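Here's the structure, in structure tokens; my notes come after.
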Amino acid sequence: MTSPDVHAQDAKRIKWSYMDHWRANGPAGPYDQWQSRRAMTRFLRQVAAVGFDAIDTFDFRIWQIFEQYGSVANYQEFVQEQGLERIVNTFHGVYYTPDRYAPEVPATHGTILDDFKVTMDRWSDIQLENIIVMPGSRYFDEAGVPDDGLKHAADIWGKVGELTQDYGVNLTCHHEFYAGIRTRDQIDRFYSYADPRYVKFFVDTAQHCIADVDPVDVYEKHHERVTGFHFKDTRFKDTNEDYRMFPDAEVSAKTTEKWFYEMGTDEGLVDFESMMRSVRDHGYTGWISVEHDKADKLGGDYSESTAIARWYAKNVLDGIYQEKSA
């Protein structure tokens, strides 16, 4: 007979998803998994082999999905054939510009809402957990998005979130270190204005650390609306205003050539053990995504980083999550 404690442990659990940043070296040079079905097969099987349960993707991949697989449902079936459960989240990557697409500019809100009506229909063949957005545009002013801009952004994302929930999907916000809503004060004010029913929070451990925001502390503050995580590490905080580098501080910064590292890296700034204890103690269940953004810089390797991160998740973080809270 199975004890009630076993059922409780089964009910309270996390699963690991892999965000589909990837590069490999072939005879003709570097390629990514979207080059062909063969490349995608190798990618998915490697991710499954080291123990990930599912994948995340970017929604701008929709055209490659249609071209190579015919539909989103067909692509998810292909993912499942390689040993993974599903597609969990999609990241809504768009080019933000104040004249047509900027959450803090009300004149662009009609475009944003129309965009999501189309986007959600395109992905409606499968059941996503989250669609992830940058809640504010790039903002090169040191002050960041002004307070009225935060209110405008909160307003449009509330409307978008109400729309996505009609599809059973959370609208969740991801704060890059180079974006306009980046500091702890800006984040706290944005969520104070945003409707918690419709505007959720997606914690990226490295991005917050680079912006000098403690990811554990910000999760503690806003845990009730957190619907997912990107777990990756960094060795650096942005102390030189690299976030203002145009067009993309992740690749344009003059002082830091590589921002992101896998969990378990030497000299990493993210306290993942404390992060996981907080996740456990607040009763979070569901998916945590591992992300390796630009892992191949400075001689790095995506396959190696993925295996190291999965080892750390399995041998360190899973054990912490299963411990009883104090």
Side-chain angles (χ1 to χ4, degrees), residues 91-92 96 98 101-106 108-109 112 130 132-161 170-246 248-250 253 255-256 259-260 269-272 274-275 278-279 282 284 293:
F91 196 110
H92 192 63
Y96 282 11
Y101 206 109
E104 65 278 357
V105 180
T108 71
H109 287 185
I112 294 172
N130 298 291
I132 307 165
V133 300
M134 262 176 58
S137 299
R138 295 296 312 275
Y139 233 85
F140 300 99
D141 187 330
E142 184 178 359
V145 177
D147 198 65
D148 61 345
L150 295 177
K151 292 176 181 177
H152 295 320
D155 179 61
I156 184 55
W157 292 128
K159 293 175 181 175
V160 173
N170 292 309
L171 185 285
T172 190
C173 297
H174 177 285
H175 301 266
E176 279 80 359
F177 82 91
Y178 57 82
I181 305 176
R182 54 183 293 276
T183 69
R184 180 58 189 273
D185 174 65
Q186 291 160 354
I187 291 169
D188 288 347
R189 282 188 289 132
F190 170 74
Y191 288 115
S192 74
Y193 302 140
D195 190 330
R197 295 174 298 172
Y198 304 125
V199 182
K200 308 300 182 180
F201 183 18
F202 201 93
V203 175
D204 186 305
T205 53
Q207 294 280 6
H208 289 308
C209 270
I210 294 168
D212 198 26
V213 174
D214 183 336
V216 180
D217 190 61
V218 76
Y219 170 66
E220 292 274 353
K221 168 72 173 178
H222 299 287
H223 68 91
E224 291 183 348
R225 68 163 91 210
V226 169
T227 58
F229 304 84
H230 280 159
F231 270 22
K232 62 177 182 279
D233 212 339
T234 186
R235 294 175 178 172
F236 305 101
K237 292 183 180 181
D238 178 11
T239 59
N240 299 289
E241 296 188 343
D242 282 333
Y243 72 90
R244 301 178 71 178
M245 295 297 296
F246 183 84
D248 183 347
E250 292 182 1
T255 62
T256 304
W259 288 105
F260 304 119
L269 299 183
V270 179
D271 185 348
F272 282 105
S274 293
M275 187 82 240
S278 184
V279 168
H282 286 296
Y284 179 86
D293 199 341

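Predicted, not measured: the structure shown is a model, and the values here were computed from it.
Taking each heavy atom of Ala179 and Gly136 in turn, the nearest pair found is CB-O, 4.2 Å. When all heavy atoms are compared, the tightest approach of Ser137 to Tyr96 is CA-CD2, 3.2 Å. Nearest heavy-atom pair across Tyr178 and Ala249 is CB-CB, 3.8 Å. A pairwise comparison of heavy atoms in Val213 and Val218 identifies CG1-CB, 4.0 Å as the closest pair. Summarising the geometry of Val133 relative to His92, their closest heavy-atom pair is CG1-CB, 4.0 Å, with the distance given to 0.1 Å. Contact between Val145 and Gln186 at its shortest, heavy atoms only, is N-NE2, 4.3 Å.
Taking 4.5 Å as the limit, some side-chain heavy atom of Asn170 sits within range of a side-chain heavy atom of Lys200. Between Lys237 and Cys209, the closest side-chain pair of non-hydrogen atoms is not below 4.5 Å. At a threshold of 4.5 Å between non-hydrogen side-chain atoms, the residues Asp238 and Asp212 do not count as touching. Side-chain contact check for Pro103 versus Pro135: every heavy-atom pair is 4.5 Å or farther apart.
Panel note: side chain Thr108, backbone Val105; a donor-acceptor pair is recorded below 3.5 Å.
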- Item | Asp214 and Tyr219: CA distance, side-chain angles, deciding distance, side chain to side chain contact (heavy atoms under 4.5 Å, CB included) verdict | CA-CA 9 Å; Asp214 183 336; Tyr219 170 66; over 6 Å; no
- Under the side chain to side chain contact (heavy atoms under 4.5 Å, CB included) criterion, do Val203 and Phe231 qualify, and how do the steps go? CA-CA 8 Å; Val203 175; Phe231 270 22; over 6 Å; no
- From CA spacing to verdict: side chain to side chain contact (heavy atoms under 4.5 Å, CB included), Gln207, Glu250: CA-CA 10 Å; Gln207 294 280 6; Glu250 292 182 1; 2.8 Å; yes
- Derivation of the side chain to side chain contact (heavy atoms under 4.5 Å, CB included) call for Tyr198 and Leu171: CA-CA 7 Å; Tyr198 304 125; Leu171 185 285; over 6 Å; no
- Task: Show the numbers, then the answer: is there a salt bridge (Lys or Arg N to Asp or Glu O under 4.0 Å) between Lys159 and Asp155?
- Result: CA-CA 7 Å; Lys159 293 175 181 175; Asp155 179 61; 3.5 Å; yes
- Message: Working note: Asn130 + Thr227, criterion side-chain hydrogen bond (donor to acceptor under 3.5 Å, both in side chains); need CA distance, chi angles, decisive distance, verdict.
- Response: CA-CA 7 Å; Asn130 298 291; Thr227 58; 2.8 Å; yes
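With rounding to the nearest 0.5 angstrom, the CD1 atom of Ile181 is 7.5 Å from the SG atom of Cys173. One finds the NE2 atom of His208 at 11.5 Å from the OG1 atom of Thr183 (value rounded to the nearest 0.5 Å). With values rounded to the nearest 0.5 angstrom, Ile132 atom CD1 is found 3.5 Å from Phe202 atom CZ. Taken to the nearest 0.5 Å, the OG1 atom of Thr234 stands 6.0 Å off from the CG atom of Leu269. Interatomic distance, NE2 of His230 versus CG of Asp204, reported as 6.5 Å (0.5 Å rounding). A distance of 5.5 Å separates OG1 in Thr256 from CG in Asp242, rounded to the nearest 0.5 Å.
Between Asp188 and Arg184 there is a salt bridge, since at least one side-chain N of the basic residue sits less than 4.0 Å from a carboxylate O of the acidic one. Comment: Lys151 engages Asp147 in a salt bridge, judged by a side-chain N to carboxylate O separation of less than 4.0 angstrom. Between Lys232 and Asp293 there is no salt bridge, since no side-chain N of the basic residue sits under 4.0 Å from a carboxylate O of the acidic one.
Ring planes of Tyr191 and His222: tilted class, angle from 30 to 60°. In this structure, Trp259 and Phe177 have tilted ring planes: the angle between them lies in the 30° to 60° band.
The ring of Phe229 has its center closer than 6.0 angstrom to the ring center of Tyr284. Less than 6.0 angstrom separates the ring centroid of Phe201 from the ring centroid of His175.
For the pair Arg182 and Tyr243, the cation sits on the ring face: its NZ or CZ lies under 6.0 Å from the ring centre, inside 45° of the axis.
The closest side-chain donor-acceptor pair between Glu220 and His282 falls under 3.5 angstrom.
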